Q: 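Sharing a structure with you now.
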Amino acid sequence: MSGERPLVVVATIGSGLVAGAFAVFSLMVVPALTALPGAAGATAMQSVNRAAIRPGFMTLLFGTALVCLVLGGVELAGQRRPALLTGVALYLFGVVGVTVLANVPLNDALARLDAAAPGAAEEWRANAGRLTRWNTVRSLAATGAATALVLVTAD
C-alpha cells in the first residue's frame with residue numbers, strides 16, 4: 001500500500017470535499033433558491049451552474065475521478081481489496097455517473113429556461129426538486145467513497 005498511499009489520501013480528501021459541496025447544495029443552496037419569488041431562483045441557479053464549470057471545481061470533481069480510476073486499475077491488477085474497490089466504484093458511478101446521466105441534463109434544461117416565460121417558476125421548482133434528489137445521491141455516494149477509502153488507510 002505504501003506506493004499508492006498518497007493516491008488513496010488524495011482520493012479520500014477529494015471525495016470528502018465533493019460530498020460536502022453536494023450536501024451544501026441539497027441542504028441549503030437549492031432550498032434557499034426555491035424560496036425566492038417567481039423564477040428568481042432559476043436565474044440564480046443558472047449563474048451558479050456557470051460558475052461551477054471553472055477549473056477549481058472541475059479539477060476537484062474530475063481530478064478525484066482520475067485518481068480513482070488509477071487506484072482502481074492498480075488495485076484490480078494487485079490486491080483487490082474490497083474497501084478500495086468499493087470506494088472507487090462509489091465515486092465513479094455514484095458521483096461521476098450520476099453527474100453525467102442526471103445532473104448535467106437537468107442543468108442543461110435549466111440553462112435553456114427563460115425565467116421570464118410563463119410557467120418558468122413552476123418548471124424551476126420541479127427541476128430544483130430533481131436537482132436536490134440527485135445532489136443528495138451524489139453527496140451520499142461521495143461520503144461512502146471517502147468512508148471506504150479511509151478504511152483502506154487504516155490498514
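A quick note: this is a predicted structure, and the numbers were derived from the prediction, not measured.
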Q: Can you find a pair of side-chain heavy atoms, one from Thr143 and one from Thr147, that are under 4.5 Å apart?
A: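 Heavy-atom side-chain distance check passes, below 4.5 Å.
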Q: Determine whether Asn135 and Thr132 make a side-chain contact, defined as any pair of heavy atoms from C-beta on separated by less than 4.5 Å.
A: no
Q: Same hydrophobic cluster for Phe25 and Leu27, using side-chain heavy-atom links shorter than 4.5 Å among ILVMFWY?
A: yes
Q: Is the shortest side-chain N to carboxylate O distance from Arg81 to Glu75 below 4.0 Å?
A: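 Looking at Glu75 together with Arg81, the answer is yes, because their closest N to O distance falls below 4.0 Å.
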Q: So which heavy atom on Ala115 is nearest to which on Ala120, and how close?
A: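 It is O-CB, 3.5 Å.
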Q: Going by atom types alone, do Arg130 and Asn127 pair a side-chain donor with an acceptor below 3.5 Å?
A: no
Q: For a 4.5 angstrom cut-off between non-hydrogen side-chain atoms, does Val48 reach Met45?
A: yes
Q: Testing the basics here: between Gly38 and Trp124, what is the closest heavy-atom pair and its distance to 0.1 Å?
A: O-CD1, 4.4 Å
Q: Counting heavy atoms not belonging to Phe93, are there more than 12 under 6.0 Å from its CZ?
A: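 No, because the 6.0 Å sphere around CZ of Phe93 holds 12 heavy atoms or fewer from other groups.
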Q: Count I, L, V, M, F, W, Y as connected when their side-chain heavy atoms are under 4.5 Å apart, and connections chain through other members. Are Leu131 and Val98 then in the same cluster?
A: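 Looking at the clustering, Val98 is in the same group as Leu131.
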Q: How many angstroms lie between CG in Leu71 and OG1 in Thr12, if you round to the nearest 0.5 Å?
A: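 Result: 8.5 Å between the selected atoms.
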Q: Between Thr34 and Ala128, which heavy-atom pair has the shortest distance, and what is it?
A: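 Closest pair (atom of Thr34, atom of Ala128, distance): CG2-CB, 3.3 Å.
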Q: Main chain of Leu113, side chain of Gln46: is a donor-acceptor contact present, judged purely on distance under 3.5 Å?
A: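 Confirmed, Gln46 side chain pairs with Leu113 backbone.
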Q: Check the hydrophobic clustering (I, L, V, M, F, W, Y; side-chain heavy atoms under 4.5 Å; chains of links allowed) and say if Val29 and Leu110 are grouped together.
A: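 Yes, same cluster.
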Q: Output the distance between atom CG (Leu84) and atom CD (Glu4), rounded to the nearest 0.5 Å.
A: 6.0 Å
Q: If we ignore hydrogens and angles and just use 3.5 Å, is the side chain of Thr64 paired with the main-chain N or O of Ala11 as donor and acceptor?
A: no
Q: If you look at every heavy atom in Leu90 and Gly144, which pair is closest and at what distance?
A: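 The answer is CD1-C, 3.5 Å.
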Q: Give the minimum heavy-atom separation between Leu149 and Gly87, together with the two atoms involved.
A: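 Closest heavy-atom pair between Leu149 and Gly87: CG-CA, 4.3 Å.
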Q: Any side-chain donor-acceptor pair under 3.5 Å between Arg138 and Thr99?
A: yes
Q: Can you tell me how far apart CG (Leu69) and OH (Tyr91) are? Round to the nearest 0.5 Å.
A: 10.5 Å
Q: Looking only at heavy atoms, which two atoms of Val150 and Thr153 are closest? And how far apart?
A: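 The answer is O-OG1, 2.7 Å.
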Q: If hydrophobic clusters are built by linking Ile, Leu, Val, Met, Phe, Trp and Tyr wherever their side-chain heavy atoms come under 4.5 Å apart, do Val30 and Phe22 end up in the same one?
A: no
Q: Say whether Val96 and Ile13 are linked into one hydrophobic cluster, either directly or through other cluster members, by side-chain heavy-atom distances under 4.5 angstrom.
A: yes
Q: In sequence, state the C-alpha distance, the side-chain angles, and the governing distance for Leu85 and Leu76, and then conclude on side-chain contact (heavy atoms from CB on, under 4.5 Å).
A: CA-CA 8 Å; Leu85 293 173; Leu76 287 172; 3.9 Å; yes
